[in-house]
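So the structure is just underneath, and the comments pick up after that.
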Amino acid sequence: MVGRSTVKDAQVVVIGGGIIGIAVAAYLAEAGRDVLVLDRSGICEETSAGNAGALAFSDVLPLAHKNMLAQVPRWLADPLGPLSIPPAYLPKLLPWLWRFMRAGRPSTFEEAVSAQVAMMTLAEREWSGLMTRSSTGHMLREDGSLELYESEAEFRAAQEGWKLRRRYHIPFRHLERDEIAECQPGLSDRFVRGTFAPGWKTVSDPQRLGQAVWAHAERHGARFMPATVVSAKTEGEGVAVSLAGGKKLACEKLVIAAGAWSRPFAAAFGDRVPLETERGYNTTLPAGAFDVKRQLIFSSHGFVVTPLDSGLRIGGAVELGGLKRPPNFSRSRAMLEKAARFLPGLKTEGGRQWMGYRPSMPDSLPVIDRARNEPRVLYAFGHGHLGLTQAAATGRLIRDLVLEQSASIDLRPFRAGRFRGDG
């Protein structure tokens, strides 16, 4: 039993060595806490290794917005399109989909946008500070993003979202056809309009950035243990974490940052969160496949193209299929084929395919909170497409909670129980 006389293995144990978990560890280690990170694979070896590398500070619209919802029927009709739901998984998914549709209601949507703006403002500020402290500023690229439209109708359909961003003073500039070529030479002439967002940033390689932030955390005393966590529960005046193989660790506080695997851990502490898994796919082509100047966003097709130090990454799309189904790399190939049409001359040989699991909540907001039944347990998961973007903000907010300081933003929109009682 964990009690007053029991020797703790760490003051704080973090379950999850992805970008969220290591950002949490970095902030807590900087604050002088003894932190131990547990992960079955390593530091940024799974979902955080293969993301699109965006610090998408202007991406404040929940996925359940009108333009997106209007495209769902067309997307679902294409098994290799931007959105796929395996028929066998649909019954299990229905409660999440119902909450997702409700998140698009005007009042709920506006509240989510306001919360996301606050989170993004904090994220940009905290990433700036963390990159300075971890000497990773050279990995930041401030080239903006270019969103592309194939018709005037498609461009008009996106205007409601851009008007909403303007309300929150997020800068952008709409481009005519001739201006698109100046922003990104070599594009297909099928694109008639574009939107340039200067505040959208990328990193040279998301996995290398994560590992560099971890090195900073290690310099402040954070530790890592490769381990598969089986369960966690309160014991005495601490928290006990059980590992595969029978080993048990004791800590004063526990942070659950296990991404798409977080749901059963939260349930053990009284919180039934509607966390679902978006399976994302990509192909990373060798460097030199095409001279892409900045991240290109093909929103109607659900994917982006990002220039990285490690190559050209083409990926995105959403497959709501849980954690157990095998990958369907036909989705990666479909995006690559489209990219070849959109970027004439793209060298498509030698690519590396990848699939990762995005932990997504119906309202596109993460869970950052204390557990319902145990204040020594904290949650930091559910960031969906925005884990890298919001990692530093999440690290700051968890540090605020651990140190029992006032949170940097209002955390009520991010509480674990916000869907409780909604049916």
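Counting all heavy atoms, side chain and backbone alike, Asp400 lies closest to Ala407 at OD2-CA, 3.6 Å. Across every non-hydrogen atom of Pro62 and Phe109, the tightest pair is CD-CE1, 3.5 Å. Here the closest non-hydrogen pair linking Ile19 and Cys44 is N-SG, 4.0 Å. Closest approach of Arg370 to Tyr379, counting heavy atoms only: O-CE1, 4.1 Å. Heavy atoms only, all atoms of each residue included: Gly384 and Ser360 are closest at CA-OG, 3.4 Å. Closest of all the heavy-atom pairs between Pro86 and Leu320 is CD-O, 3.4 Å.
Using modelled atom types, one side-chain atom of Asp271 and one backbone atom of Arg372 make a donor-acceptor pair closer than 3.5 Å. In this structure, the side chain of Arg193 engages the main chain of Leu175 through a donor-acceptor pair within 3.5 Å. The main-chain N or O of Thr202 is never found under 3.5 Å from a side-chain atom of Asp143 such that the two would form a donor-acceptor pair. Gln11 places a side-chain N or O within donor-acceptor distance of the main-chain N or O of Asp34, the cut-off being under 3.5 Å. A donor-acceptor pair is defined here as one N or O able to donate and one able to accept, closer than 3.5 Å; such a pair exists between the side chain of Thr389 and the backbone of Ala54. Side-chain atoms of Ser134 do not come within 3.5 Å of backbone N or O of Val213 as any donor-acceptor pair. Side chain of His216 to main chain of Ala212: no donor-acceptor pair is present (N/O by atom type, distance under 3.5 Å, no hydrogens or angles). Side-chain atoms of Glu46 do not come within 3.5 Å of backbone N or O of Gly18 as any donor-acceptor pair. A donor-acceptor contact shorter than 3.5 Å links the side chain of Trp127 to the backbone of Leu388. Under a 3.5 Å cut-off, the side chain of Arg125 and the backbone N or O of Leu122 do not form any donor-acceptor pair.
How far OH of Tyr27 is from CG of Leu130: 5.0 Å, rounded to the nearest 0.5 Å. Taking CE of Met225 as the reference point, atom CG of Asp9 lies at 7.0 Å (rounded to 0.5 Å). To the nearest 0.5 Å, the span separating CE on Met139 from CZ on Arg141 amounts to 11.0 Å. For the atom pair Ile20 CD1 and Ile256 CD1, the distance stands at 14.5 Å (nearest 0.5 Å). Distance check, rounded to the nearest 0.5 Å: OG of Ser310 to CD of Gln207 gives 8.5 Å. Of the inter-residue distances, the one linking Leu312 atom CG with Leu343 atom CG reads 7.5 Å to the nearest 0.5 angstrom.
The number of heavy-atom neighbours closer than 6.0 Å to NZ of Lys338, taken from other residues, nucleotides and ligands shown, is above 12. Heavy atoms from other residues, nucleotides or ligands lying under 6.0 Å from CZ of Arg272 number 12 at most.
Using a 30° and 60° split on the angle between ring planes, Phe191 and Phe298 fall in the tilted class, from 30° to 60°. Ring orientation note: the planes of Trp162 and Phe172 are tilted relative to one another, at an angle of 30° to 60°. Between Trp96 and Phe100, the ring planes lie parallel to each other; the angle is under 30°, not in the 30° to 60° tilted range.
Looking at Gln116 and Gln390, their side chains do bring a donor and an acceptor atom within 3.5 Å of each other. Counted by atom type alone, Ser145 and Arg294 present zero donor-acceptor pairs between their side chains at under 3.5 Å.
In terms of the salt bridge (Lys or Arg N to Asp or Glu O under 4.0 Å) criterion, residue partners of Arg412 (sequence neighbours excluded) are, by chain and number, Asp410. Under the side-chain contact (heavy atoms from CB on, under 4.5 Å) criterion, Ser128 pairs with no residue, sequence neighbours left out. Taking the salt bridge (Lys or Arg N to Asp or Glu O under 4.0 Å) definition, one finds that Glu30 meets it with Arg133, sequence neighbours left out.
Ion pair Glu126/Arg399 not flagged as a salt bridge, since none of the NZ, NE, NH1 or NH2 atoms sits closer than 4.0 Å to an Asp/Glu carboxylate oxygen. With salt bridges taken as basic N to acidic carboxylate O contacts below 4.0 Å, one links Glu374 and Arg376.
With a 4.5 Å cut-off on side-chain heavy atoms, Val113 and Tyr168 count as touching. Side-chain atoms of Gln353 and Leu336, non-hydrogen and from C-beta on, never get closer than 4.5 Å to each other. Looking at heavy atoms from C-beta onward, Ile170 lies out of side-chain contact with Phe57 at the 4.5 angstrom threshold. Annotation: side chain of Ile409 is in contact with side chain of Phe414 (closest heavy-atom distance under 4.5 Å). By the 4.5 Å heavy-atom criterion applied to side chains, Pro185 and Lys293 are counted as neighbours. Contact of the Arg33 side chain with the Lys253 side chain is not registered, since no non-hydrogen atoms from C-beta on lie closer than 4.5 Å. Counting only heavy atoms from C-beta outward, the side chains of Trp354 and Pro327 never approach each other to under 4.5 Å. Counting heavy atoms from C-beta on, the side chains of Leu97 and Ile85 come closer than 4.5 Å.
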Working note: Arg177 + Asp189, criterion side chain to side chain contact (heavy atoms under 4.5 Å, CB included); need CA distance, chi angles, decisive distance, verdict.
CA-CA 8 Å; Arg177 188 194 292 268; Asp189 61 7; 4.1 Å; yes
**Worked verdict on Arg418 versus Asp369 for salt bridge (charged side-chain N to carboxylate O under 4.0 Å, His left out)** = CA-CA 11 Å; Arg418 62 187 184 264; Asp369 198 5; over 6 Å; no
Could you go step by step and tell me if Met335 and Thr283 meet the side chain to side chain contact (heavy atoms under 4.5 Å, CB included) rule?
-> CA-CA 8 Å; Met335 287 184 284; Thr283 301; over 6 Å; no
Verify side chain to side chain contact (heavy atoms under 4.5 Å, CB included) between Val37 and Trp214, making sure each step is shown before the conclusion. CA-CA 10 Å; Val37 174; Trp214 172 248; 3.7 Å; yes
Check your understanding: Would Ile398 and Val14 count as a side chain to side chain contact (heavy atoms under 4.5 Å, CB included) if you check the C-alpha gap in whole Å, the side-chain angles of each, and the deciding distance to 0.1 Å?
Key -> CA-CA 11 Å; Ile398 293 296; Val14 178; over 6 Å; no
Checking side chain to side chain donor-acceptor pair (under 3.5 Å) for the pair Tyr89/Glu319: CA distance, chi angles, key distance, verdict? CA-CA 11 Å; Tyr89 195 72; Glu319 182 183 53; over 6 Å; no
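Between Arg313 and the options Leu285, Val305, Leu308, a side chain to side chain contact (heavy atoms under 4.5 Å, CB included) holds for only Leu308.
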